[in-house]
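Naming convention: chains lettered A, B, ... in sequence-line order (proteins, then strands); numbering from 1 in each chain.
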Amino acid sequence: MRLTQLYGKTLRETPSDVQLVSHQLMIRAAVMRSTAAGTFAYLPLGARALHRARQLVCSAMDGQEFIGQDGILSNEINSYRDLPKVLYQNDQTRINLYSLAADSAHQPFESSLARILKECDLNLTTIDDGDNAKAFALPHAKGSYNFVRCDSCGYAATKDAAKFVIEDCGCEEEILKLEKVGTPNCNTIASLAEFLDIGKCQTLKAVMYVYQKSEGSGRPFGFVFVVVRGDLEVSERKILNVLGGGTLRPATENEIKAVGAVPGYASPRELNVISNLQSPREASNNQVIVLADSSIHTGRNFAAGANEHGYHFINVNYPRDFKATLVADIASPIDGLRCGVCHNSYLRVVNGIKVAGYAPRRTAKAASTYLDAQGKPQEIIVSSCEIDLESLLVSIIETHHDDRGIIFPESVAPYDVHLIRLGKTEEARTAAEALYEKLPNVLYDDRDESAGVKFADADLIGLPIRITVSDKSLKAGGAEVKRRNSEAKEIVPLEKILPKVLEPSGG
RNA sequence: CGGGGUGUAGCGCAGUUGGUAGCGCACCGCGUUUGGGACGCGGGGGUCCGCGGUUCAAGUCCGCGCACCCCGACCA
C-alpha cells in the first residue's frame, strides 16, 4: 500500500478525551478514530491489525468457523467419534470459541491462548473467576476490570470468586449489654466509626435490595436486607447464588420505609424477618429476607443502626440482638484482606483490561448428548472462550510503545515493512519503487515529504521493519534496514533485502 | 445515582466590560527545501451543542435540555 493512497492521515497532536496511551497513539497513527458516541471506528490500518489478530487467534485455536446461534452447536455431534471439536464465531472485534468434548479434562483453550499471548509478546494475569472459569487481563491503572491479587503468592481472582480470610476484630471482648446511643449525622459507616471512635470492622453495615426472581414459580419478589461487617463489601453475585438466581436492584427509600426500616439508620432488629427461604411467602408485604454475612461472627459488640433517625445501637451481637433468615458467605473482598490461598500476605484490588474469558460448563440441554463406544448416551461437555480483539490490541500497544509511537509485534502489525523513499532523484525513486514491487506486505511512504516527517510517521505507526532508500543509502551500497524495537541500522544490498526481511526478528 | 468539568473549522485550543469569528496543526495553490515533524507567499473551510429568554446587538449574560469527560458512588 502506498501512503499516498492510504485512507487516513497521522495526527501531530494528541487528541483529548481519550485517556489510554494506546488509544492516543492509535488515533494519532491513523489506526482508528473516535466517534461521537464515544466508541471507536477503525481506519484501514486498524482494520488490518484487527484482521491479523483474528487470524492469529483462529489459527492458534485451530477451530472451525460457523455462523449463527450457538444453540445449534451440538446438533451435529452424534458419536464419540465426532469429538472433540473446536468451533468459533466471528464478531467484528470479538471471537467466541466453543469446545465440544467428551471429557471435561479436555481443555484446549488455555494452552492456545498462551501461544497467542506469546506471539503478541503480551503478559496477562490469569484470574480465577470461580467454577473453573478464568479471565485474562492486563493489569493497568486505568483499566475498568477489577480483580484482587495477592502480593506474595500471585493468586488473582475476581472479587466474587476470591478466596480470602476475614480476620477477627475484637473477638476477645466480653459481650456487653445492648445500648442505644445518639449518633447525629452518622449515616455512613465512615462517619459512624469516626463519631464513635471505633474501627469500621466494629460496625455492621446494612445494604438493601429488592429481589426479582427470574421467570417461573416461587416468590416473585422480595426485600433483601443484607448485613455485613462494616469494613467489608457485598457481592451481589454471591447473594444471587444464595437466593438461586434472579436479579437484584438497590431498594428505594420508599421501599425501605415500607418494611419498617429507617434510611440512614436501618437495623435488622424489629423487622418482620422471614424465617427461612423455603417458607411460603405470607400475605403481609413488609416481610424481609435478612442475609447476614459470616463476618458477623468475626467480631463482637458491633455498632449498628437503631431504625430511628440519629440513633445507633452499640454492643450488637448475633444472634442475641437480631435475627437472620440465613447466614452465608456473601462478602466481597476489599483492599487489604488476607489472602485465602497462601495466608502470607494481603489481597490488593487491581484494575486491568480484560482481554479474554474462559468458562467451562456442562450443557443443560437434554438433547446435547452423544453415544459413547458402548452405545450409551453421554453428555457433551461444552466450554467457551471469548477473546476481545480490541482489548487485545489495546493491551499490546499499552505494553509495546515508546514516546515516539506504537511498536507493533509482527503478529498483529498491519504491515510488516515500512518502506521510505527519501529525495527526489530518479535513482532513489527507481530503487524504492522496485523494492515496493518486490516486498510482500509493505507500506510504502511515496509522499514528497521531508525526511523528518517520514521518520516520525514510521515511528508513530510502528511497523516492525523500516527500510529507507535514499541517495545516501544507495551510495553506501543499498537500503537502510532498521527494526522498530531496536536502534541498530544496517545497510543491506538491494538484492538481499527480501531474505533479510524474511529473517526472524532479532536476527 | 451524586459532584465537578467541557462543548467554537477535520484535530488541538484562544476568544477581555456583550460590539464584523481567531490561532496552531491538517488541507489547497506557487516557489525554496529533502537523513529526524523545514520555510516564504497566497487560499478554502464555521448550525460557536440545541431550544428559549434579556438586549439596538449574544460565542459571551439568564433559564431549560442534550452530549461527552473526570471524580465519587456498600449508603443506613
Side-chain angles (χ1 to χ4, degrees), chain A residues 8-20 23-24 27-28 30 33-39 43 142 144 159 183 185-193 200 203-209 225-236 239 248-253 255-257 259-269 271 293 295 303-313 330-334 404-405 420-425 428-429 445 447-460 466 468-476 479-480 482 487 489 491:
Chain A
K9 290 187 182 66
T10 58
L11 304 181
R12 239 178 245 212
E13 296 182 56
T14 301
S16 64
D17 278 18
V18 288
Q19 63 282 29
L20 289 179
H23 285 156
Q24 295 172 353
I27 289 170
R28 287 223 293 135
R33 293 286 181 254
S34 45
T35 64
T39 59
L43 300 182
K142 290 178 178 165
S144 54
K159 284 189 168 186
T183 51
N185 300 322
C186 291
N187 56 356
T188 67
I189 287 292
S191 57
L192 177 66
K200 285 202 272 186
T203 68
L204 290 180
K205 175 190 287 184
V207 183
M208 276 92 87
Y209 294 100
F225 192 113
V226 178
V227 183
V228 62
R229 208 175 74 181
D231 57 327
L232 301 173
E233 295 189 353
V234 171
S235 163
E236 294 182 10
I239 294 171
L248 286 177
R249 62 166 174 81
T252 65
E253 209 166 305
E255 287 164 338
I256 294 172
K257 286 175 183 163
V259 299
V262 177
Y265 293 88
S267 165
R269 278 176 67 82
L271 296 182
D293 182 61
S295 59
N307 269 348
E308 185 176 340
H309 190 82
Y311 290 91
H312 280 81
F313 284 118
I330 50 171
S332 176
I334 51 163
R404 299 198 305 262
I420 290 177
R421 187 206 79 219
L422 294 183
K424 284 180 177 170
T425 65
R429 187 184 296 271
D445 191 345
R447 299 174 301 174
D448 289 330
E449 285 288 350
S450 69
V453 171
K454 293 189 172 193
F455 287 137
D457 278 346
D459 289 339
L460 180 58
R466 186 183 84 188
T468 310
V469 178
S470 66
D471 292 337
K472 182 177 151 184
S473 77
L474 291 174
K475 224 168 277 174
E480 177 194 275
K482 177 188 172 298
E487 289 308 307
K489 298 171 185 168
I491 296 291

Base, sugar-phosphate, or nothing: which does [X] touch, judged by heavy atoms less than 4.0 Å apart?
{"X": "A:Glu449", "result": "base"}
{"X": "A:Ile256", "result": "base"}
{"X": "A:Val18", "result": "nothing"}
{"X": "A:Lys424", "result": "base"}

Is there a side-chain polar atom (N or O) of A:Gln19 under 4.0 Å from OP1 or OP2 of B:C69?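 No, A:Gln19 has no side-chain N/O under 4.0 Å of OP1/OP2 on B:C69.
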Under 4.0 Å: is that the gap between some side-chain N or O of A:Thr14 and OP1 or OP2 of B:G12? no
Side chain to side chain contact (heavy atoms under 4.5 Å, CB included) against [X], all qualifying residues, sequence neighbours excluded:
{"X": "A:Glu13", "answer": "none"}
{"X": "A:Lys159", "answer": "A:Val148, A:Glu233, A:Ser332, A:Pro333, A:Val349"}
{"X": "A:Ser295", "answer": "A:Ile166, A:Val228, A:Arg229, A:Leu232, A:Asp293, A:Thr298"}

Using heavy-atom distances to pick each residue's nearest nucleotide on RNA chain B, tell me which of A:Ser267 and A:Ser16 is more 5'.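 This one resolves to A:Ser16.
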Suppose we define a pair by two distances each less than 3.5 Å, Watson-Crick or G-U wobble; what does [N] pair with here?
{"N": "B:C1", "value": "B:G72"}
{"N": "B:U6", "value": "B:A67"}
{"N": "B:G35", "value": "none"}
{"N": "B:G19", "value": "B:C56"}
{"N": "B:C48", "value": "none"}
{"N": "B:C30", "value": "B:G40"}

For [N] versus [M], give the span between their [atom1] atoms, rounded off to a whole number of Å.
{"N": "B:U16", "M": "B:G12", "atom1": "C1'", "result": "22 Å"}
{"N": "B:U55", "M": "B:C48", "atom1": "P", "result": "22 Å"}
{"N": "B:U8", "M": "B:G46", "atom1": "C1'", "result": "8 Å"}
{"N": "B:G18", "M": "B:G37", "atom1": "P", "result": "45 Å"}
{"N": "B:A9", "M": "B:U47", "atom1": "C1'", "result": "13 Å"}
{"N": "B:C68", "M": "B:A21", "atom1": "P", "result": "31 Å"}
{"N": "B:G7", "M": "B:G44", "atom1": "C1'", "result": "25 Å"}
{"N": "B:G24", "M": "B:C71", "atom1": "P", "result": "34 Å"}

Provide, to the nearest angstrom, the distance between the [atom1] atom belonging to [X] and the [atom2] atom belonging to [N].
{"X": "A:Lys205", "N": "B:A73", "atom1": "NZ", "atom2": "C1'", "result": "12 Å"}
{"X": "A:Glu233", "N": "B:A73", "atom1": "CD", "atom2": "C1'", "result": "11 Å"}
{"X": "A:Glu13", "N": "B:A14", "atom1": "CD", "atom2": "C1'", "result": "13 Å"}
{"X": "A:Asp17", "N": "B:C71", "atom1": "CG", "atom2": "P", "result": "13 Å"}
{"X": "A:Lys142", "N": "B:C70", "atom1": "NZ", "atom2": "P", "result": "9 Å"}
{"X": "A:Ile27", "N": "B:A26", "atom1": "CD1", "atom2": "P", "result": "18 Å"}
{"X": "A:Arg249", "N": "B:C74", "atom1": "CZ", "atom2": "P", "result": "18 Å"}
{"X": "A:Lys454", "N": "B:U34", "atom1": "NZ", "atom2": "C1'", "result": "9 Å"}

Table of protein N/O atoms under 3.5 Å from nucleotides 35-39 of chain B N/O atoms:
residue : atom : partner  : partner atom : Å
B:G35   : N7   : A:Ser470 : OG           : 3.0
B:G35   : O6   : A:Ser470 : OG           : 2.5
B:G35   : N1   : A:Glu480 : OE1          : 3.2
B:G35   : N2   : A:Glu480 : OE1          : 2.4
B:G35   : N2   : A:Glu480 : OE2          : 3.0
B:G36   : O4'  : A:Gly452 : N            : 3.4
B:G36   : O6   : A:Arg466 : NH1          : 2.8
B:G36   : O6   : A:Arg466 : NH2          : 3.2
B:G36   : N1   : A:Asp459 : OD2          : 3.1
B:G36   : N2   : A:Asp459 : OD2          : 2.4
B:G37   : O2'  : A:Arg12  : NH1          : 2.6
B:G37   : O6   : A:Arg28  : NH1          : 3.3
B:G37   : N2   : A:Asp457 : OD1          : 3.2
B:A38   : OP2  : A:Ser450 : OG           : 3.3

Any side-chain to backbone donor/acceptor pair from [X] onto [Y]? Under 3.5 Å, distance only.
{"X": "A:Asn307", "Y": "A:Val262", "answer": "yes"}
{"X": "A:Arg421", "Y": "A:Val469", "answer": "no"}
{"X": "A:Ser267", "Y": "A:Gly305", "answer": "yes"}

For atom NZ of A:Lys482, decide whether the heavy atoms of other residues, nucleotides or ligands shown that lie under 6.0 angstrom number more than 12.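 Check passes, neighbour count above 12.
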Sequence neighbours excluded, which residues qualify as salt bridge (Lys or Arg N to Asp or Glu O under 4.0 Å) partners of A:Glu449?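 None.
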Applying salt bridge (Lys or Arg N to Asp or Glu O under 4.0 Å), can you list everything that pairs with A:Arg33, at least two apart in sequence or on another chain?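 Result, salt bridge (Lys or Arg N to Asp or Glu O under 4.0 Å) vs A:Arg33: none returned.
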